[in-house]
S.K.: 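Dropping a structure here in structure tokens format, bear with me for questions.
Small disclaimer: the values here were computed from a predicted structure and weren't measured. Below, each value reflects all heavy atoms present in this structure, side chains not excepted, and no hydrogens, waters or symmetry copies. Naming: A, B, ... by sequence-line order, numbering from 1 per chain.
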Number of protein chains: 2
Amino acid sequence: MSQHSTANALRRPRVPRKTAARSDSVGEPSDIDTSFLESLLGYNARRAALAVIAVFLRRMAPYGVRPVDFSVLSVVAHNPGVTSRQICSTLDILPPNLVGMVKSLQKRGLVVRKPHPNDRRAQGLHLSDAGQTLYNEAQATASSLERDVAGRLTPDELNTLIGLLRKVYRT
Amino acid sequence: MSQHSTANALRRPRVPRKTAARSDSVGEPSDIDTSFLESLLGYNARRAALAVIAVFLRRMAPYGVRPVDFSVLSVVAHNPGVTSRQICSTLDILPPNLVGMVKSLQKRGLVVRKPHPNDRRAQGLHLSDAGQTLYNEAQATASSLERDVAGRLTPDELNTLIGLLRKVYRT
DNA sequence: TATTGTTATACTCTATAACTATA
DNA sequence: TATAGTTATAGAGTATAACAATA
């Protein structure tokens, strides 16, 4: 298992590293032509996603949650009793890859499991008090982070952008 | 080295797998509340990027190029003689991770290296005739792919979306 | 001394197969 | 027979350190 284990809910699992390979040299103002790539939705969506995630990693480091951890906590917070299987299909996570995450959140005392009322195979996930406290702060941070990330975007533009992105990936 | 090696420029390096963990069960129309996550730019940008990349992988499989391979080929195509170092800083790829890609493209006969005119440490990258032919087709596929991906988006909406995404990640 | 390209390697992320216990 | 959760593991993606050749 590559996940760390600690009882301290505020300890972060790993240091967020520098996001990517920035130029080591001083000059080189990048007179490289990337106009075709910049005309593609996929290229721009990926670059934008990575840029937002980089900010997310820095701002969420104090809470010790990566983007995927936050997504899981958010689903649990807003859907108490949700099962692992439901989280997987909602967030497009493969079941074997969720096991370690839930285990880690459990060890940190953020998440608790309760027997499922109807199905003895399943277990409902809930936030502990500590988990709820941490999630409340993390969610507030995530909200305020939006303004930083969308720096040169007006609120209207941000709404437009999110609406268009949803149109792309939603069936 | 985990990269494959083949002399056939049209052979694909690997099969594009199913994109993610869809529900195996029949029902479960996902009445899970994800409204907060869906209010976040990062979440939507990542989901959209993954959706586009999934289509890209399928459509580009005949050419044997992943998104990163296509990006490298595109930069070389539009900037003949570009160095590895320039590609790295342009595409945010770490130098050690580019080595294998260039090696692979070279083995497939798509890319050739020529001595740099001014700097004997560096080597300029160029497309071979086969590389140019393959890239022309791949670029045309990438362009036509845009319409598929942005299915329910009007051309104006697509332009708006790309413009807003650029605002997010561009310094 | 700094940079280009490189090797080796470690860590993280994503994916598949196969198992158990329940349904 | 099918599903929930799990284990083990393979493969791909991303990161750092350190080196030789050249600037």
Side-chain angles (χ1 to χ4, degrees), chain A residues 1-4 12-28 46 49-50 53-54 57 66-69 71-72 81-89 91-104 106 113-125, chain B residues 1-4 12-28 46 49-50 53-54 57 66-69 71-72 81-89 91-104 106 113-125:
Chain A
M1 186 190 304
S2 63
Q3 306 264 3
H4 80 135
R12 72 194 197 293
R14 55 178 181 153
V15 293
R17 290 175 179 156
K18 308 194 70 169
T19 174
R22 275 292 160 209
S23 176
D24 292 344
S25 47
V26 278
E28 193 175 339
R46 181 156 189 276
L50 290 175
I53 288 169
L57 286 171
R66 302 162 297 166
V68 64
D69 298 317
S71 297
V72 170
V82 68
T83 67
S84 289
R85 192 67 191 72
Q86 290 175 306
I87 294 176
C88 284
S89 56
L91 298 178
D92 275 1
I93 300 171
L94 291 169
N97 298 331
L98 184 67
V99 173
M101 301 178 208
V102 172
K103 241 182 216 167
S104 176
Q106 212 178 353
R113 298 166 123 158
K114 298 180 183 173
H116 193 279
N118 310 328
D119 192 335
R120 273 189 300 166
R121 294 172 302 179
Q123 288 168 305
L125 296 173
Chain B
M1 187 189 304
S2 63
Q3 306 264 3
H4 80 134
R12 71 194 199 293
R14 54 174 184 159
V15 293
R17 290 176 179 154
K18 309 194 68 169
T19 175
R22 275 291 162 210
S23 176
D24 293 343
S25 47
V26 277
E28 193 174 338
R46 181 155 188 277
L50 289 176
I53 288 169
L57 285 172
R66 302 162 297 165
V68 65
D69 298 317
S71 296
V72 170
V82 68
T83 68
S84 290
R85 192 66 191 75
Q86 290 175 306
I87 294 176
C88 284
S89 55
L91 297 178
D92 277 0
I93 300 172
L94 291 168
N97 298 332
L98 184 67
V99 173
M101 301 178 208
V102 172
K103 242 183 214 166
S104 175
Q106 212 176 355
R113 297 167 123 157
K114 299 180 183 174
H116 194 282
N118 309 328
D119 191 334
R120 272 189 302 167
R121 293 172 303 180
Q123 288 168 305
L125 295 174

S.K.: A:Ile93 has an atom CD1; how far is it from atom C1' of D:dT6, in whole Å?
M.R.: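 After rounding, the reported distance stands at 16 Å.
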S.K.: Closest nucleotide of DNA chain D for A:Ala122 versus for A:Val99: which of these residues is on the 5' side?
M.R.: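 Nearest-nucleotide comparison on DNA chain D picks A:Ala122.
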S.K.: Quickly work out the B:Ile87 CD1 to C:dG5 P distance and round it to whole Å.
M.R.: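 So the CD1-P distance, B:Ile87 to C:dG5, works out to 9 Å.
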S.K.: Take the protein atom NE2 of B:His116 and the nucleotide atom C1' of D:dA23, then report the distance between them rounded to whole Å.
M.R.: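 B:His116 atom NE2 is separated from D:dA23 atom C1' by 12 Å.
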S.K.: Atom CG of B:Leu94 and atom P of C:dG5: how far apart are they, to the nearest Å?
M.R.: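 Rounding to the nearest Å, CG of B:Leu94 and P of C:dG5 are 14 Å apart.
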S.K.: Mind listing the closest non-hydrogen atom pair of A:Ser84 and A:Arg113 along with its distance?
M.R.: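 Closest pair (atom of A:Ser84, atom of A:Arg113, distance): OG-NH2, 4.5 Å.
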S.K.: Send over the distance from B:Leu57 CG to C:dT14 C1', rounded to a whole Å.
M.R.: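 From B:Leu57 CG to C:dT14 C1': 13 Å.
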S.K.: Could you state the interatomic distance from CD1 (A:Ile87) to CG (A:Leu98), rounded to the nearest 0.5 Å?
M.R.: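 Here the interatomic distance stands at 5.5 Å.
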S.K.: Report the distance from atom CE of A:Met101 to atom C1' of D:dT6, rounded to the nearest whole Å.
M.R.: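 From A:Met101 CE to D:dT6 C1': 14 Å.
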S.K.: Rounded to the Å, how far apart are B:Asp69 CG and D:dA12 C1'?
M.R.: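 Computing the B:Asp69:CG to D:dA12:C1' distance gives 12 Å.
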S.K.: Keeping A:Ser104 on the side-chain end and A:Gly100 on the backbone end, is there a donor-acceptor pair under 3.5 Å?
M.R.: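 It does not hold such a pair.
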S.K.: Ignoring the backbone of B:Arg113, work out which of D:dG5, C:dT6, C:dA15 is nearest its side chain.
M.R.: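 The answer is C:dT6, which lies nearest to the side chain.
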S.K.: Do A:Leu125 and A:Val72 have side chains that approach each other closer than 4.5 Å (heavy atoms only, starting at C-beta)?
M.R.: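 Answer no - side chains too far apart.
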S.K.: To the nearest 0.5 Å, how far apart are OG in A:Ser71 and CE in A:Met101?
M.R.: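 Separation between the atoms: 9.5 Å.
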S.K.: Just how far, in rounded Å, is P of D:dA12 from CZ of B:Arg66?
M.R.: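 Atom-to-atom, B:Arg66 to D:dA12, this comes out as 9 Å.
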S.K.: Could you report the tightest heavy-atom contact between B:Cys88 and B:Pro95, atom names first, then the distance?
M.R.: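 That would be SG-CA, 3.5 Å.
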S.K.: OP1 or OP2 of D:dA23 sitting under 4.0 Å from any side-chain N/O of B:Arg85?
M.R.: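 No, because none of the side-chain N or O atoms of B:Arg85 sits under 4.0 Å from OP1 or OP2 of D:dA23.
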S.K.: Assign a letter to each nucleotide of nucleotides 18-23 of chain C from its 5' end: B, base within under 4.0 Å of a protein heavy atom; S, sugar-phosphate only; -, no contact.
M.R.: ---BBS
S.K.: Search all heavy atoms of A:Asp69 against all heavy atoms of A:Arg66 and return the closest pair with its distance.
M.R.: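 Scanning both residues, the minimum pair turns out to be OD2-NE, 2.8 Å.
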